[in-house]
Engineer: 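What follows is a single structure, and I will ask about it in a moment.
In what follows, chains are A, B, ... by sequence order, proteins preceding strands, each numbered from 1.
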Number of protein chains: 4
Amino acid sequence: METVSRAATGVTRSRTPRPRADALRNRERIVTAAREMFVEFGPDVPLDEVARRAAVGNATLYRNFPDRAALVHEVVLAVTSRTTDRAEEAAAEESDPFAALSRFVHAAADERIGALCPMLSGGFDKDHPELLAERRRLEEAVEGLVSRAMSAGRLRTDIAVGDVLVALSQLTRPLPGTGCLHIDRFTHRHLQLFLDGLEAPARSELPGTAATLEDLRRRP
Amino acid sequence: METVSRAATGVTRSRTPRPRADALRNRERIVTAAREMFVEFGPDVPLDEVARRAAVGNATLYRNFPDRAALVHEVVLAVTSRTTDRAEEAAAEESDPFAALSRFVHAAADERIGALCPMLSGGFDKDHPELLAERRRLEEAVEGLVSRAMSAGRLRTDIAVGDVLVALSQLTRPLPGTGCLHIDRFTHRHLQLFLDGLEAPARSELPGTAATLEDLRRRP
Amino acid sequence: METVSRAATGVTRSRTPRPRADALRNRERIVTAAREMFVEFGPDVPLDEVARRAAVGNATLYRNFPDRAALVHEVVLAVTSRTTDRAEEAAAEESDPFAALSRFVHAAADERIGALCPMLSGGFDKDHPELLAERRRLEEAVEGLVSRAMSAGRLRTDIAVGDVLVALSQLTRPLPGTGCLHIDRFTHRHLQLFLDGLEAPARSELPGTAATLEDLRRRP
Amino acid sequence: METVSRAATGVTRSRTPRPRADALRNRERIVTAAREMFVEFGPDVPLDEVARRAAVGNATLYRNFPDRAALVHEVVLAVTSRTTDRAEEAAAEESDPFAALSRFVHAAADERIGALCPMLSGGFDKDHPELLAERRRLEEAVEGLVSRAMSAGRLRTDIAVGDVLVALSQLTRPLPGTGCLHIDRFTHRHLQLFLDGLEAPARSELPGTAATLEDLRRRP
DNA sequence: GATGAATGAGGCTTCATTCAT
DNA sequence: GATGAATGAAGCCTCATTCAT
């Protein structure tokens, strides 16, 4: 359950006579390197550097991903997918609904969900069907966590899944160039403070209105 | 006109004979444009674009700021300073110490304190004396807000000024390319949730240890 | 009358406070170098080489012409314009109408009208208004030459201006890499043979139908 | 008579144990695809595209032709050979000597002899013995057509085989990217005009001197 | 023998910075 | 002092060619 629940699908169906083993490995290495370097240096990191980190020639990268947008697409997909896995794990394995939400939030930080933020800016298709589907899957999983915690009276009722995901992403956004060193020192503290603020009973009245992920995606 | 104004100034300190009025105005416009564009498009925005927004030639920008680092320096200084002003205002004008902290947090968001985050990455001297001093000033002001709220029993005691400022910065970090549109829709909600988490009594035990701004700056 | 009858126009009109002298010179040098190198090596010649021949930095080329298409556009415009000038000269200065046409054909070869052929392939806007206008002007001028020669009974009547211009272009198309050396040795011979074929009375019946330049431009 | 009058020569001398049938077919398909695509897109067409059109892997192409020059060599050879075939056909089947020349000229256009022009530029060995021999064969065949037409008094006497072949090539040179669509609409008209100019009696005095194909090849 | 994949060199284009008016 | 223009270094991407299955 750990790894690529999505990327490895759809291989043995059609005409394509099976990708070669080393090619698959290369592709995987590129995505991994890209994820790491996007996290560490931001989404403008030179693709040649990504290729070097992946230990492949730059043209191999371009063979697999025609342009930067394609690579970003893949990384966003991977991070979203892995994060969703964490949400489903938390839902399945934690009996206390607020503990489940809490576990997910901290796990999502470790998956570097915050790295998605800067990537959402670039010129890539945020409405791509694959992405849309994966985002829906994430939203549903987190929606499950939220609604159960809310039903149990553990979560304040004036927030929605969008609030959780956006704040979570912001709080875990990496600082380019720092190598994420501060994440382990501070981020989990701040996430915990945020979770404390989410807990019922509400200690204040919130401005604005709760929102879904789709609201975020749209131009407001 | 030039000679008159120069002759009229009675200052005998330095060699520089007081900059011309339009030169000062230009410098100010550049800093303002840079602050806006750093917020809107991130710290990698082309300097030619900044110059255009400021309605000056690019060479004028370089006359005032020898390189990008110098401009970033100035903007960081300005944002820090303005944010400090907000902290001092809040301290002076709010009687309730937690309300003061709260007011500061929301005001700092409007000053785009979050824009500092990405700028702290680039190759500019974070230890410059001017910056150090301004950061100290900010830290002291916020330290005042925090300690008073804590003394009044309104703030949980396991946090420190570093927690407030870092989380505040992260939660208000702009998404490049979005024109900050989401700030007004979501950010203040999430700040409020964070503030609720800060309030005493503490609802959880925090991982890690509280820290100052200087801790953040260092390589851990 | 020799040179840039078009490029030098429209300078002193508007807001733009007059381009600097050296900038104009640079622009002119770039266009000249591009024309020469397109002729000599074809339209795929590296732009860095064009810049080198023009003795400017490559970025200067890109400042003046955002991409290859813009540069091709300018060169096509220049060649067309200069060729039109030759047509008008011939019309004005030759009394015999067939001699006028003949003089134009040979002069157009010297203007390297054949270099237009390969450039018409690339991804640039062949319907740009400027180009359209210039092409019309050329067509009108040559149409004048043709119709007068035809009226005088010197030209066969089953051809049209498109035939003259297309065949002329083809016969004078440079061979990339040869430095046009063969032009002076052979091209004028073949043009003369073609002219002899154009002369009345017609010695054969032509297949197909006569056409205008616009017909050529369209996807047939 | 159609195809490889030269390449398939059944010499059984050497070591190579006769290529497999599918290998031969592949080689043939590559040459055909290359010829078509050189005509359609020019001699710089990516070899991967040629391989795709030939429906073979790119490495298969490189197995048969070590580099682009080798492929160009083969295509030039093939086109030259097929054109020579047309010349010999015309000589054999037409009783009127000028009609034979005329028939050859139009047939050569259909063989895309014009596509040779751009290929003669690239970095391939134009003096390769095979090519030299083939070019001689073509020249002899056309020389036969020319001299017989001239002897019959049907052809002006101030031209030579080089004039015919060069002008013929130029007039039929494809415009890259157009898919040769204009060939059928215009080229045969212009060839006819050229033939009319070739016919005796000469209507003008030609500049320069007549030349052979070898003259063309040399740097003058 | 045939193939898909990998590679490095090279062209295009942008941008921080410097220069000439 | 202010400006537009010039520049070289660097990133993106393509393609001829080589390698591993």
Side-chain angles (χ1 to χ4, degrees), chain A residues 16-27 44-51 55-69 71, chain B residues 2 19-24 26-27 44-52 55-69 71, chain C residues 16-27 44-51 54-69 71, chain D residues 19-24 26-27 44-51 55-71:
Chain A
T16 53
R18 175 157 54 130
R20 262 164 40 180
D22 59 344
L24 268 188
R25 191 159 15 96
N26 272 343
R27 186 183 170 91
D44 295 331
V45 68
L47 294 194
D48 283 22
E49 300 296 323
V50 174
V56 302
N58 59 352
T60 298
L61 188 153
Y62 283 100
R63 163 180 287 275
N64 283 277
F65 306 97
D67 53 13
R68 175 180 293 272
L71 183 53
Chain B
E2 174 142 12
R20 273 168 24 185
D22 59 343
L24 269 186
N26 272 346
R27 187 183 171 89
D44 296 331
V45 68
L47 293 194
D48 278 25
E49 301 294 323
V50 174
R52 177 175 316 179
V56 301
N58 57 354
T60 300
L61 188 154
Y62 279 94
R63 167 174 298 277
N64 283 277
F65 306 97
D67 54 13
R68 173 180 291 271
L71 183 53
Chain C
T16 53
R18 175 157 54 131
R20 260 164 42 181
D22 59 343
L24 269 187
R25 193 161 11 98
N26 272 343
R27 187 185 171 91
D44 295 330
V45 68
L47 294 195
D48 282 23
E49 301 295 323
V50 174
V56 301
N58 57 354
T60 298
L61 188 153
Y62 283 99
R63 164 181 285 276
N64 282 279
F65 306 96
D67 53 13
R68 175 180 293 271
L71 183 54
Chain D
R20 271 165 31 183
D22 59 343
L24 269 186
N26 272 346
R27 185 183 172 91
D44 296 330
V45 68
L47 293 193
D48 279 23
E49 301 294 324
V50 174
V56 302
N58 58 353
T60 300
L61 187 154
Y62 279 94
R63 166 172 299 277
N64 284 277
F65 307 97
D67 56 11
R68 173 181 292 271
L71 182 53

Engineer: Starting from P on F:dT3, measure out to CZ on C:Arg63 and report it in whole angstrom.
Structural biologist: 14 Å
Engineer: Ignoring the backbone of C:Asn26, work out which of F:dA16, F:dA6, E:dA2 is nearest its side chain.
Structural biologist: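 Of all the options, the side chain of C:Asn26 is nearest to F:dA6.
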Engineer: Run D:Leu47 and D:Asn58 through side-chain contact (heavy atoms from CB on, under 4.5 Å) and show every step you take.
Structural biologist: CA-CA 7 Å; D:Leu47 293 193; D:Asn58 58 353; over 6 Å; no
Engineer: CG of D:Asp22 versus C1' of E:dT3: gap in Å, rounded?
Structural biologist: 13 Å
Engineer: Taking for each residue the nucleotide of DNA chain E bearing the nearest heavy atom, is the 5' side occupied by B:Val45 or by A:Gly57?
Structural biologist: A:Gly57
Engineer: Tell me the bend of the helix from E:dA2-F:dT21 to E:dT21-F:dA2 as the angle between end helix axes, each from five pairs, rounded to the nearest 10 degrees.
Structural biologist: 10°
Engineer: On DNA chain E, does the nearest nucleotide to C:Asp67 precede the nearest nucleotide to A:Arg27 from the 5' side, or the other way round? Give the residue.
Structural biologist: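 Closest to the 5' end, via its nearest nucleotide, is A:Arg27.
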Engineer: Look at the side-chain N and O atoms of C:Thr60 and state whether any lies under 4.0 Å from the OP1 or OP2 oxygen of F:dA5.
Structural biologist: no
Engineer: Would you kindly give the CZ-to-P distance between B:Phe65 and E:dA16, to the nearest whole Å?
Structural biologist: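 The answer, rounded to whole Å, is 15 Å.
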Engineer: Working to the nearest 0.5 Å, report the span between CG of A:Asp22 and CZ of A:Arg25.
Structural biologist: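 Spacing of CG (A:Asp22) from CZ (A:Arg25) equals 5.5 Å.
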Engineer: Please report, rounded to the nearest Å, how far the P atom of E:dA5 is from the CG atom of A:Leu61.
Structural biologist: 15 Å
Engineer: Want to settle it: does A:Leu47 or B:Asn64 sit nearer the 5' end of DNA chain F, counting the closest nucleotide to each?
Structural biologist: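 By nearest-heavy-atom nucleotide position, the 5'-most residue is B:Asn64.
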Engineer: What is the separation between atom CG on D:Asp44 and atom P on F:dT14, rounded to the nearest whole Å?
Structural biologist: 17 Å
Engineer: Can you check the C:Leu24 CG to F:dG4 P distance for me, whole Å?
Structural biologist: 15 Å
Engineer: Which part of the nucleic acid, if any, lies within reach of D:Arg68 when heavy atoms closer than 4.0 Å are counted: base, sugar-phosphate only, or nothing?
Structural biologist: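 Result for D:Arg68 = sugar-phosphate.
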Engineer: Do the side chains of B:Leu61 and B:Val50 get nearer than 4.5 Å, heavy atoms only?
Structural biologist: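 Heavy-atom side-chain distance check passes, below 4.5 Å.
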Engineer: Which of the following nucleotides, E:dT13, E:dA16, E:dG4, is nearest to the side chain of D:Ala59?
Structural biologist: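 Per side-chain heavy atoms of D:Ala59, the pick is E:dG4.
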Engineer: Taking only the side-chain heavy atoms of A:Asn58 (C-beta and beyond), determine which of F:dT17, E:dA6, F:dT14 contains the nearest atom.
Structural biologist: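 When the side chain of A:Asn58 is considered, F:dT14 is the closest of F:dT17, E:dA6, F:dT14.
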Engineer: By the 4.0 Å heavy-atom rule, please label B:Asp48 as base, sugar-phosphate, or nothing.
Structural biologist: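 Contact class for B:Asp48: base.
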Engineer: Check the distance between E:dT7's P and A:Tyr62's OH and give it to me in whole angstrom.
Structural biologist: 15 Å
Engineer: Measuring from atom CG of C:Asp48 to atom OH of C:Tyr62, what distance do you get when rounded to the nearest 0.5 angstrom?
Structural biologist: 6.0 Å
Engineer: Could you check if a side-chain atom of D:Asp44 sits within less than 4.5 angstrom of a side-chain atom of C:Asp44, using non-hydrogen atoms only?
Structural biologist: yes
Engineer: Rounded at 0.5 Å granularity, tell me how far CG in A:Asn26 sits from OG1 in A:Thr60.
Structural biologist: 6.0 Å
